[in-house]
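Excluded from the calculations below are hydrogen atoms, water molecules and symmetry mates; all remaining heavy atoms, backbone and side chain alike, are included. Position 1 is the first residue of the sequence, and the numbers go up from there.
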Amino acid sequence: MKAKRAPIGLLVAALFAGGIGAAGVSNFPAQFADAHAAPAAAAVQTLPDFAAIAEANKAAVVNITSSKIAKAEDAMPGVPPELLRRFGIPLPDAPRERAMQGMGSGFIVDASGVILTNAHVVEGADEVHVRLTDRREFKGKVLGADKATDIAVVKIEAGGLPVVRLGDPSKVRVGEWVAAIGSPFGFENTVTQGIVSATSRSLPDGSYVPFIQTDAAVNPGNSGGPLFNLKGEVIGINSQIYSRTGGYQGLAFAIPIDVATNVQQQLVAHGKVERGRIGVTIQEVSQPLAQSFGLDRPRGALVASVEDGSPADKAGLKAGDVLLTVEGKTIERSAEVPLVVAGVKPGSKVTFDVWRDGKKQTLAVTVGAMPAEQVAGAEHDQAGSAETGKLGLAVRQSEEGLVVENASGPSARAGIRAGDVVTAVNGRAVKSVSELRAAAAKAKGAVALLVRRGDASLFVPVEIS
């Protein structure tokens, strides 16, 4: 008990020792007063006013219900009716149609009834219904949808509707507050808040979207709803969550609103989205790869392969080039390149700064149009094999290149496997086992092997002693 009371006794003693002035102002030493002033100042800080954001924008956020008619499965599929009759089994009723429903969110961007939402909310729908906060319901028409960005534009026949204000995603900072409004699990106009966890986040299925990552609670039904900054401006469309359970687990991803409006304009004007392409496969530049190519640090986008006859091929781009800038904009990560190129109108020229053979040069590429994606499997051949001990590779020469028979040690750890075809080392083509051995012998620390697996090519950094 004495130990707990001691600080109080000291405080009382200090009061009497220092005294209180006639006006009630403390005569404590300055350093004592300063040490206790900081917490008081911090306590004055207030949290963001999410209530004002919700009140100003809730009327422009809508609930979207999509439905499609599907035939129910036969009771006994594949069994001939004659067989059923022979054994006296009653014939099942004819397949009946049943309605399947999906639910999501959206927001009004034009007072005439133009709404933005996710493509997966309305995908395959026979009917789309839009419900406003004033409980009015409208039948919606899908003006267009783009799976690559997961953006859809829906139109309802109405006028004088409330609209949201659009912000600038390029000014979004990690750590700033955001709010989401949507219909999680069908609970309309639900408001959740959080902060921006990351920007320009690349996901495996989002090549053309630099997602805004947040920790605002987003659940099924929030899809297509707006993400607001503290100014009450929409900076993104809530699209995906990372979850092992199907529910919110702290990671949500929103499509930047500038990406969405670009898609909207093309869908409304042309009914489709046109994207540029240059015909290269790119990959991230890791520390070992940066070292292999003589870069000061990991940056840019490494060209793993160039399609024959493609715009990149005609412009002189080669496997092993590292794209450092596009139209003067610095490329830090490979995920930035597809978005920039896809946004260029086919036929236009794009200028790249390229790192090749230890120095920088500039190339201009005339952008083509995006074709359908093609995937092919690996092929093998049965020529004799030879060993390269330093890399841990057993390879055989073929017309395609050096086919890997077996990978062990450094190469196995790097992910190279039997059937891969080695075509270059540190950006220089190798056509024989002796050339591969010579390149490996000169290497210090790591080498970058250009490996073809099926129709895909990839630089693989192999760390060696």
Side-chain angles (χ1 to χ4, degrees), residues 46-62 64 104-119 121 133 146 149-154 161-184 189-203 206 208-218 222-241 251-268 273 329 335-336 339-340 342-343:
T46 59
L47 291 173
D49 187 3
F50 292 110
I53 295 174
E55 185 63 30
N57 292 283
K58 64 182 183 180
V61 181
V62 303
I64 297 177
S105 306
F107 52 98
I108 305 169
V109 294
D110 190 289
S112 64
V114 178
I115 297 166
L116 282 180
T117 186
N118 284 148
V121 171
T133 54
D146 179 49
T149 54
D150 197 22
I151 295 296
V153 182
V154 176
L161 298 174
V163 299
V164 297
R165 291 186 297 120
L166 305 183
D168 184 357
S170 68
K171 296 180 180 179
V172 172
R173 297 180 303 158
V174 174
E176 73 174 77
W177 288 97
V178 288
I181 304 180
S183 305
N189 253 228
T190 295
V191 182
T192 55
Q193 54 79 26
I195 63 168
V196 174
S197 308
T199 57
S200 298
R201 182 68 81 195
S202 177
L203 300 181
Y208 306 111
V209 179
F211 286 98
I212 301 171
Q213 180 183 317
T214 79
D215 67 352
V218 172
N222 273 112
S223 290
L227 184 72
F228 293 94
N229 60 18
L230 287 184
K231 296 179 182 178
E233 300 168 333
V234 176
I235 56 172
I237 301 179
N238 297 309
S239 175
Q240 299 185 38
I241 59 175
L251 292 177
F253 301 93
I255 303 161
I257 194 62
D258 56 347
V259 174
T261 52
N262 177 269
V263 171
Q264 173 199 341
Q265 291 166 3
Q266 293 195 56
L267 288 176
V268 171
V273 178
K329 180 182 177 183
E336 299 168 20
L339 177 65
V340 174

Asker: If you round to the nearest 0.5 Å, how far is CG of Asn222 from OG1 of Thr192?
Answerer: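 If we round to the nearest 0.5 Å, Thr192:OG1 and Asn222:CG are 6.0 Å apart.
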
Asker: How long is the straight-line distance from CZ of Arg165 back to CZ of Phe228, given to the nearest 0.5 Å?
Answerer: 9.5 Å

Asker: Treating Ser105 as the side-chain partner and Ser183 as the backbone partner, does any N or O pair qualify as donor plus acceptor under 3.5 Å?
Answerer: yes

Asker: By the definition side chain to side chain contact (heavy atoms under 4.5 Å, CB included), identify the one residue from Ile255, Thr214, Ile257, Ile181 that meets it with Leu227.
Answerer: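 Looking at Ile255, Thr214, Ile257, Ile181, the match for Leu227 under the side chain to side chain contact (heavy atoms under 4.5 Å, CB included) is Thr214.
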
Asker: Sequence neighbours left out, what passes side-chain hydrogen bond (donor to acceptor under 3.5 Å, both in side chains) with Glu336? Give chain and number order.
Answerer: none

Asker: Can you pull the side chain to side chain donor-acceptor pair (under 3.5 Å) pairs that have at least one residue in residues 252-264, sequence neighbours excluded?
Answerer: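 Applying side chain to side chain donor-acceptor pair (under 3.5 Å) to every pair that reaches into residues 252-264, excluding sequence neighbours, yields Asn262-Gln266.
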
Asker: Which donor-acceptor pairs under 3.5 Å do side chains of residues 171-179 form with protein atoms, sequence neighbours excluded?
Answerer:
from: Glu176; atom 1: OE1; to: Arg173; atom 2: N; distance (Å): 2.7

Asker: Without placing hydrogens or testing angles, list every side-chain donor-acceptor pair under 3.5 Å for residues 230-238, not counting sequence neighbours.
Answerer:
from: Glu233; atom 1: OE1; to: Asn229; atom 2: ND2; distance (Å): 3.1
from: Asn238; atom 1: ND2; to: Gly225; atom 2: O; distance (Å): 3.4
from: Asn238; atom 1: ND2; to: Pro226; atom 2: O; distance (Å): 3.3

Asker: Say whether, by atom type as modelled, one donor and one acceptor occur between the side chain of Asn118 and the main chain of Asp150 under 3.5 angstrom.
Answerer: yes

Asker: Please identify each residue that fulfils side-chain hydrogen bond (donor to acceptor under 3.5 Å, both in side chains) with Thr117, with sequence neighbours left out.
Answerer: none

Asker: CZ/Phe253 to OG/Ser197 distance, rounded to the nearest 0.5 angstrom?
Answerer: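 Atom-to-atom, Phe253:CZ and Ser197:OG are 8.5 Å apart.
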
Asker: Enumerate the residue pairs fulfilling salt bridge (Lys or Arg N to Asp or Glu O under 4.0 Å) with a member in residues 46-58, sequence neighbours excluded, ordered by first and then second residue.
Answerer: Glu55-Lys58

Asker: Return the minimal non-hydrogen interatomic distance between Ala60 and Val163, and the atom names on each side.
Answerer: CB-C, 3.8 Å

